[in-house]
Amino acid sequence: MRILFHLGLNKCASTYIQRALDRAHANLRSAGVWYPWEAGTAAAHYGLSRHYGFGPMADDVMPVSLADLIAEARLAGCQRMVLSSEYLSLYAPRAVARLMADIHAAQAEAEFLLYSRPVEPWVRSLFNQYVKTVDGGQPLANIDAFARRVLTNGALDLTKRIGQWQHAAGNEALSLYRIEDRTPADAVLAPIEAFAGISLAGSVPARMNASLDPDRLHAIGVLRQQAPSPARERALSLLLAGRGQPAPAPAGYLDLSDTVCRQLSDEIAGPAQTFPWRSLHGHDLVAKAA
């Protein structure tokens, strides 16, 4: 069994990739590639990442082992499989060791794929997602406060997060790709297309989980601090759908200070440059023979 693990990073086109794979499920299976479906709206394989200890730990996520997924793929007549969960990119050495042990036990041939973005737009996207989705989290005055917090708790330590996979999988099995501002949306699918041998491009909208304007995002953050209620949920739905006219956000709400930008560059972007990143530009988007 050959397995391609898409590890993330989170907010680096993961949803776009997962939706493309989900929509191509039948074509992938016809090509001998299994992409497991999961119940609900998320195509990500959170059951796999939870089983090994990466997360998420939500009660509605049922753990599933690699052995079970391999058995499922073989039952479908497939000898290749693509698995995707951005939780796999979290720093969790014991979870990595457990997963690698099961890969070896299954005598599977594994490849690992991880994407990154320039650090400033990545942090902006992370802040946008945090405000949109986290109920009752620590109140944050602006994006600067968010960036300072994640720098303090080490959540964005790419050197540790990527280094654990480089150590476990080796440079030959781990491919790192940088998504730049000018990278075409379909280009992120090219490494997966090369593994699958079919085209996945054009199956999903180019922009998904788009960032919101400051006024709308701030209004959502204020609502997220309130206790859940039908009225709150209706207001959130309207704001997320782009309807209504929210009050102006505080000045500088989405402005990263020069000090924080330098710290992000020194502590995250700088050390991460030591890894062997590849460019997605010039990548052949025509599916290669498997």
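Every heavy atom of this structure was used, including side-chain atoms; hydrogens, water molecules and symmetry mates were not. Note that the structure is a prediction, hence the values are computed from the model and not measured.
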Who passes ring pair (Phe, Tyr, Trp, His ring centres under 6.0 Å) against Phe112, sequence neighbours left out?
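Scan of Phe112 (ring pair (Phe, Tyr, Trp, His ring centres under 6.0 Å), adjacent residues dropped) gives Phe5, Trp165.
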
Who pairs with Tyr91 by ring pair (Phe, Tyr, Trp, His ring centres under 6.0 Å), at least two apart in sequence or on another chain?
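Scan of Tyr91 (ring pair (Phe, Tyr, Trp, His ring centres under 6.0 Å), adjacent residues dropped) gives none.
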
Do the side chain of [X] and the main chain of [Y] share a donor and acceptor less than 3.5 angstrom apart?
X      : Y      : value
Gln79  : Gly32  : no
Arg117 : Leu9   : no
Glu111 : Arg2   : no
Tyr115 : Ala13  : no
Trp277 : Ala272 : yes
Trp34  : Leu83  : no
Tyr52  : Leu88  : no
Arg216 : Gly244 : yes
Arg80  : Phe195 : yes

Which heavy-atom pair separates [X] from [Y] by the least distance, and what is that distance?
X      : Y      : answer
Ala196 : Ala31  : O-CB, 4.1 Å
Val260 : Leu256 : CG1-CD2, 3.9 Å
Leu126 : Lys11  : CD2-CG, 3.5 Å
Leu28  : Leu21  : CD1-O, 3.6 Å
Leu4   : Leu113 : CD1-CB, 4.2 Å
Ser14  : His6   : OG-CE1, 3.7 Å

Flag yes if more than 12 heavy atoms outside Gln273 fall under 6.0 Å of its CD atom; otherwise flag no.
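Check passes, neighbour count above 12.
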
Counting heavy atoms not belonging to Met57, are there more than 12 under 6.0 Å from its CE?
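Enclosed.
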
Can you tell me how far apart [atom1] ([X]) and [atom2] ([Y]) are? Round to the nearest 0.5 Å.
X      : Y      : atom1 : atom2 : answer
His45  : Gln18  : NE2   : CD    : 8.0 Å
Ser257 : Arg148 : OG    : CZ    : 5.0 Å
Ile143 : Tyr130 : CD1   : OH    : 13.0 Å
Leu254 : Asp144 : CG    : CG    : 10.5 Å
Leu280 : Arg178 : CG    : CZ    : 11.0 Å

Matching residue for Ser49 among Ser89, Ser85, Ser84 - test: side chain to side chain donor-acceptor pair (under 3.5 Å):
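So the option named by the test is Ser85.
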
Grouping I, L, V, M, F, W and Y whenever their side-chain heavy atoms are under 4.5 Å apart, do Val131 and Leu238 come out in a common cluster?
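No, Val131 and Leu238 fall in different hydrophobic clusters.
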
What ring-ring contact (aromatic ring centres under 6.0 Å, His included) pairs are there with at least one residue in residues 235-264, not counting sequence neighbours?
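Qualifying pairs, neighbours excluded: Phe127-Tyr253, His218-Tyr253.
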
Scan residues 60-87 for pairs that pass ring-ring contact (aromatic ring centres under 6.0 Å, His included), counting only residues two or more places apart or in two chains.
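As it turns out, the ring-ring contact (aromatic ring centres under 6.0 Å, His included) pairs with a partner in residues 60-87, which skip direct neighbours, are Tyr46-Tyr87.
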
Show your reasoning for whether side chain to side chain contact (heavy atoms under 4.5 Å, CB included) applies to Ile162 and Leu7.
CA-CA 10 Å; Ile162 298 171; Leu7 309 174; over 6 Å; no

Pairs meeting criterion salt bridge (Lys or Arg N to Asp or Glu O under 4.0 Å) with involvement of residues 243-272, two or more places apart
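Sorted result for residues 243-272: empty, none.
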
So which pairs with a foot in residues 217-237 pass salt bridge (Lys or Arg N to Asp or Glu O under 4.0 Å), sequence neighbours left out?
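For residues 217-237, and leaving out neighbouring residues, the salt bridge (Lys or Arg N to Asp or Glu O under 4.0 Å) pairs sorted by first residue read Asp135-Arg224, Asp135-Arg232.
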
Intermediate values then yes/no, side chain to side chain contact (heavy atoms under 4.5 Å, CB included), Val33 and Cys78:
CA-CA 5 Å; Val33 181; Cys78 299; 5.8 Å; no

Starting from the C-alpha separation in whole Å, work towards a yes-or-no answer on side chain to side chain contact (heavy atoms under 4.5 Å, CB included) for Glu72 and Met81.
CA-CA 10 Å; Glu72 184 181 291; Met81 181 164 57; over 6 Å; no

Audit row: Thr152, Arg149, side chain to side chain contact (heavy atoms under 4.5 Å, CB included) steps and yes/no
CA-CA 5 Å; Thr152 299; Arg149 194 180 81 180; 5.7 Å; no

